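Here the structure is a predicted model, which means the values were calculated and not measured. In what follows, chains carry the letters A, B, and so on, assigned in the order in which the sequence lines appear, proteins first and then strands, with residues in each chain numbered from 1.
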Amino acid sequence: MNFKGNHILSVNQFDRDSIQKVFDVAARMTPYAMREKRTTVLDGAILGNLFFEPSTRTRVSFGTAFNLLGGEVRETTGMSNSALAKGESLYDTARVLSGYSDVIAMRHPQAGSVSEFAEGSRIPVINGGDGPNEHPTQALLDLFTIEKEIKYHGGSIDGLHIAMIGDLKFGRTVHSLSKLLSLYNNVHFTLISPKELGMPEEIRATLESAGHRVTVTEQLEGSVDADICYQTRIQEERFPSQEEANRYRGKFRLNQDIYTKHFQSKTVIMHPLPRDSRADANELDNDLNMNPNLAIFRQTDNGVLIRMALFALTLGVEDIVSKFDRAVNWYSNKSHLPS
Amino acid sequence: MNFKGNHILSVNQFDRDSIQKVFDVAARMTPYAMREKRTTVLDGAILGNLFFEPSTRTRVSFGTAFNLLGGEVRETTGMSNSALAKGESLYDTARVLSGYSDVIAMRHPQAGSVSEFAEGSRIPVINGGDGPNEHPTQALLDLFTIEKEIKYHGGSIDGLHIAMIGDLKFGRTVHSLSKLLSLYNNVHFTLISPKELGMPEEIRATLESAGHRVTVTEQLEGSVDADICYQTRIQEERFPSQEEANRYRGKFRLNQDIYTKHFQSKTVIMHPLPRDSRADANELDNDLNMNPNLAIFRQTDNGVLIRMALFALTLGVEDIVSKFDRAVNWYSNKSHLPS
Amino acid sequence: MNFKGNHILSVNQFDRDSIQKVFDVAARMTPYAMREKRTTVLDGAILGNLFFEPSTRTRVSFGTAFNLLGGEVRETTGMSNSALAKGESLYDTARVLSGYSDVIAMRHPQAGSVSEFAEGSRIPVINGGDGPNEHPTQALLDLFTIEKEIKYHGGSIDGLHIAMIGDLKFGRTVHSLSKLLSLYNNVHFTLISPKELGMPEEIRATLESAGHRVTVTEQLEGSVDADICYQTRIQEERFPSQEEANRYRGKFRLNQDIYTKHFQSKTVIMHPLPRDSRADANELDNDLNMNPNLAIFRQTDNGVLIRMALFALTLGVEDIVSKFDRAVNWYSNKSHLPS
C-alpha cells in the first residue's frame, strides 16, 4: 500500500505490511505526544477537519495530531446550515473544500459518504467515520493498543485470544477490528452477546475461513483466558428507537468483581469510548479505574499517535519528521504521567 | 484607495486602479496556494473570523487564506447564544472583539450590520457578506476569474459580453459583479430571467448610463455569443416562503445540451455556488463537469487568492510576503492539478 | 501559591502575593497585545478550549491569549452532541481530552463541574466559568483593571471605595471580585440594589469581618465619592423565568446625567459585559461611550493580558517569554489606540 497522496477510507485497504508501517511511524511519534520534543515538519500545512456529524473526541484527536506535527487546522462541524443541506452534491463540496487545505479528515453520518466525497477531492481524505460503515482510524488505534499491551506481557497478535462483549451487531468498532485481526495468524475470538446483538454472520465466516477460532456465547461463563477483553458500547444512536436501546442498557456490564471472577489478572480491558457511566447503564464500572489493565485512556492517547502517523504517511513526511525537531519550552509532566 | 488599516465593506469603494492592485497581489499569491512554496509573513497575526451567519465555504476560505500567509485564526460561528442575542449592540461587540485580533472577516444576516460593526472596530474589517446587501470578496473573485479566463482566450474585461441567467433580483452576487463591471468599458450584459426575478431597475440604469449595452430577455433564445455565462443560484433562503422558492426551482437550468445549442464553444460557465444538484433543481447539470469551460471550482480557488490579497493589503505586507518564503516540506500535487 | 502545573479553579486559591504575581506577569504581556512585538515561547503548545456552555468573548479571549504566546488552539463549543450528553462522566471526558492538549480552559453551565473535570485531568485546567459558581479570570481582570485605573489617579486598592450597582445577588462577578478585594485593606463597599437582588449575607459578613466598610442602600442617593462604579448586568439567563427577569430590566440604569449627578468626575465606570443596549434595558447608556472614565473595553482588553499571564504561569514560561521575541511584520496601530 502506497500512502503518499492517497485516501484512507477503509480497513480493507490494509495488509499486515501496511499496518506495520503505520505502527512503526506511530511509535516514532511518541516523544512528540509526550512532549519530550516537538517538530515543525508540517509548519504551514493545513488540515481540513470536516465533521459533518459531531464527535468531540475524534475531531479533537485529528486536530491535535496535526498540530503536533506543526500544522494548522481549519474546522467545520455540523451540517444543518451547510451547502450539503441546500442540495449541494458531495462531489461539489469535495471539489471546493479540497482547494482549502492539504489533507482532509472527514466524518459524516451516511455510509459511503466519505468515499463519495473522496472521489471529488483533489487531496488525500482520511475517513473519520461514515455512519454505520467504517471508522478505520479507530480500528487501527485499537489494534495498535492491543499490540503494545500484549507485547508488555510478552505476547503478540499472532496467537491472541480476544473476548468481545456487548453489542457486536451494530458496533462497527468490533467489525473493523475483527477484519484487521483476521490478517494475523491463529487468533481466538470469544464473542459474548445476546443473540439479537450477535456478530454478523458474514464477519464470523470470514474469521473462520481465515483459520481463526471463533467461540460464540450468550453470557460470560467460567474462566476466560483472554489476553484482551474488548467491551463495546451500546450505540444508542444506532437503534431505531430509544425504547429498543433501553432494552439492552446495562446488560453485559463489566466491573471489578466480574473481571476478577472471569478473567486473568493480566487481561487487558478495552472499550471504544465514550462509556455510559449513568447508574442504569454502567457498562464499564468506574471501580475498574484503578485497575492497571484498564487500557481505555491509553487507547485514546494512542489514537493521536495513529493519526499523526497517517498524516505523516499521507503527506510523505514520515522519514523527515525528526529533521524539524525543536525543544519544548514549557513545563510538561506528560512524559512522567501514567496515561 | 488606500488599503492599509482600512475596512473593505462594499464594492462601491473600488475603482479600476484599486481592483487592479488587488488582482496583482492575488496573482502573486498563486505559488503559495499551489504549494510551490509557503510564507511566514503573518506568523503571529490573528484573524477574527466572525460568521454570525453560517457559510462553510466563505468562512473556511477566509481562514485558509490567513493560514496560507502564516497567521492564526480565531473563529466564531452562529449567533443564537452570543451576546448579540442578549441585546448587545454591534458597537459593543466590535469594540470588544477588535481587541482580540489584528483583522476581522465578518458575515452577518442583516444588511448594514458589517458597516455598523466596523464603526466600533479598532482594526480593519472585511465584509464576508451582510445579508442581502454586500459580499464584496465574492464580486472581486468573480471578476478576477473573468479576467483570468478571458485572458486565456485573448480577451479583456473591456469589451466583454456576459450573459447572466436565473435569479437576477435577489442574487446580490450579480448585483455586485455588475457594479464592478460597470467600471470597465463597453461591456455587453445579456440578462436572462423571468420577469419576477429581473435585474433591479436601478442597476440596469447604472449600467446603461455608464455606456454599457444591456439586453433583457425572458428566456435563452438563439445563439448568444457571450464570453461568460454567469448562472445564479435561486437563493431559496431569501424568499419569504418555501412555496415561493419552489415556483422557480429548476427553471433556467443549464446543461451540456443547452450550452451547446446556445453558447460558443469557448463560453466560460460561472456560478457563485453552491449549486443545487437535486433532480428537481439541477440548475447547473453535473453533465457539465467534464466541460473545460466550467470555471466554478476555479472561482472558489481564486477566492482564496483574493482573500489572501485583501489580508496582505489591509495589513500592509503585500510587498514583503516573499521575504518570508519557506520551502514546503510535505508532498503535494496541487501545482499539477487541474482546479 | 505555585502556579506551574496547577489548576486555576477559584478565587479562593489566591492571596495578595499570588495576585501580585499574576498582575506583574500580565503587565509584561502588554507589548505583545499592543503588537509592539510578538513571542514564540509557546510555539507548538496546544490549548484545549472547552466551552461546553457558549460564551463568545471569554472563549475568544482565552484563544487569543494563547495565540499571542505563540500556541495553537483546539476548540470545542456546546454540549448537545458531546459524549457528556450520552452519559460520559466528567472524569472520563477529562482523562481523554487532557491527552489532546497542554493546558485546558473550560466553561460549563454546572456549578462544580470544572473542579470535577480537573480531578480527572492530567494537565492544568483554568476555570472559564462554571455556571453560577466561579469565574476567576473575570474577577482577576476586574481587579487588574481597578488597580491600573486608580493608579492612574494616584490611588491603590488599599483604601479603595467601590460602588456596586444592580443585581448583586445572582451576579457571580461581584461576588468573586468582592472576595478578592477583601484580601486588601480598608476597602469601602457601597452596595446599591433592590432588596430582592442584594449581596448575599455571607459575602457581606466576610467583608465586614475582614475589617472593610459596607454600606447598603436601595437606590443611588446624593453624592457617592466612589473611585469605582461597578455596574452589573441583570443576568437574565439566571432567573427562573423571563417574566421575573423583566421585572428588574432597566432598573438601576446609569447614564451620563446620573453619573454627573451622583459620582465624581474621576469615578471609573466598570461592567462585566455584555451590556444590554436595548431601549427598555439600557443598563449602561451609550451616552457614556465618550466618557474617558468608561473602562468597560479596557476591562476586556485586560482580560487578554490576565489570561496570557495565567497560561504563562501555569506552563512555567513566565520568565522566558521575551527570550522568544520576534518583530511584528504587519501594520498595526494598536499601540496608538485608545482602548
Worksheet item: For chain C, which of A:Val304, A:Ile296, A:Val328, A:Asn289 has the most heavy-atom pairs under 4.5 Å?
Response: A:Asn289
Discussion item. Does either side chain, that of C:Thr76 or that of A:Arg59, offer a donor lying less than 3.5 Å from an acceptor on the other one?
Written reply: yes
Discussion item. With salt bridge (charged side-chain N to carboxylate O under 4.0 Å, His left out) as the criterion, how do C:Arg122 and A:Asp301 come out once you've worked through the C-alpha distance, each side chain's angles and the decisive distance to 0.1 Å?
Written reply: CA-CA 12 Å; C:Arg122 297 170 281 165; A:Asp301 283 354; 2.7 Å; yes
Discussion item. Within residues 12-22 of chain C, which residues come under 4.5 Å of chain A, heavy atom to heavy atom?
Written reply: none
Fill in: Separation between CZ of C:Arg74 and CG of A:Asn67, rounded to the nearest 0.5 Å
4.5 Å
Worksheet item: Can you tell me how far CZ of A:Arg298 sits from CZ of C:Arg95, rounded to the nearest 0.5 angstrom?
Response: 9.0 Å
Worksheet entry | Spatial distance of atom OG1 (A:Thr56) from atom CG (C:Leu97) [nearest 0.5 Å] | 7.5 Å
Worksheet entry | Interface residue of largest heavy-atom contact number with chain A, from C:Glu75, C:Glu72, C:Lys323, under 4.5 Å | C:Glu72
Practice prompt. Hey, could you give me the OG/CZ distance between C:Ser89 and A:Arg275, rounded to the nearest 0.5 Å?
Written response: 6.0 Å
Worksheet item: In Å and rounded to the nearest 0.5 Å, what is the CZ to CG distance from C:Phe324 to A:Asn329?
Response: 3.5 Å
Item to complete: Give the member of C:Gly99, C:Gly316, C:Ser98, C:Ala312 that has the highest number of heavy-atom pairs under 4.5 Å with chain A.
Response: C:Gly99
Worksheet item: Under a 4.5 Å heavy-atom cutoff, which of C:Ile320, C:Val96, C:Thr314 has the most pairs with chain A?
Response: C:Val96
Worksheet item: Which atoms of A:Gln299 come close to chain C, meaning under 4.5 Å heavy atom to heavy atom: side chain ones, backbone ones, both, or neither?
Response: neither
Discussion item. Counting only non-hydrogen atoms closer than 4.5 Å, can you tell me which residues of residues 36-51 of chain C sit against chain A?
Written reply: C:Thr40, C:Val41, C:Leu42, C:Asp43, C:Gly44, C:Ala45, C:Ile46
Response to the item:
Tightest non-hydrogen contact, residues A:Lys334 and C:Tyr100, listed as NZ-N, 4.4 Å
Worksheet item: Do the side chains of A:Ser277 and C:Asp92 get nearer than 4.5 Å, heavy atoms only?
Response: yes
Worksheet entry | Rounded distance [0.5 Å steps], CG in C:Asp102 versus CG in A:Leu68 | 8.0 Å
Discussion item. With heavy-atom distances below 4.5 Å as the criterion, would you say the side chains of C:Val103 and A:Trp330 are in contact?
Written reply: no
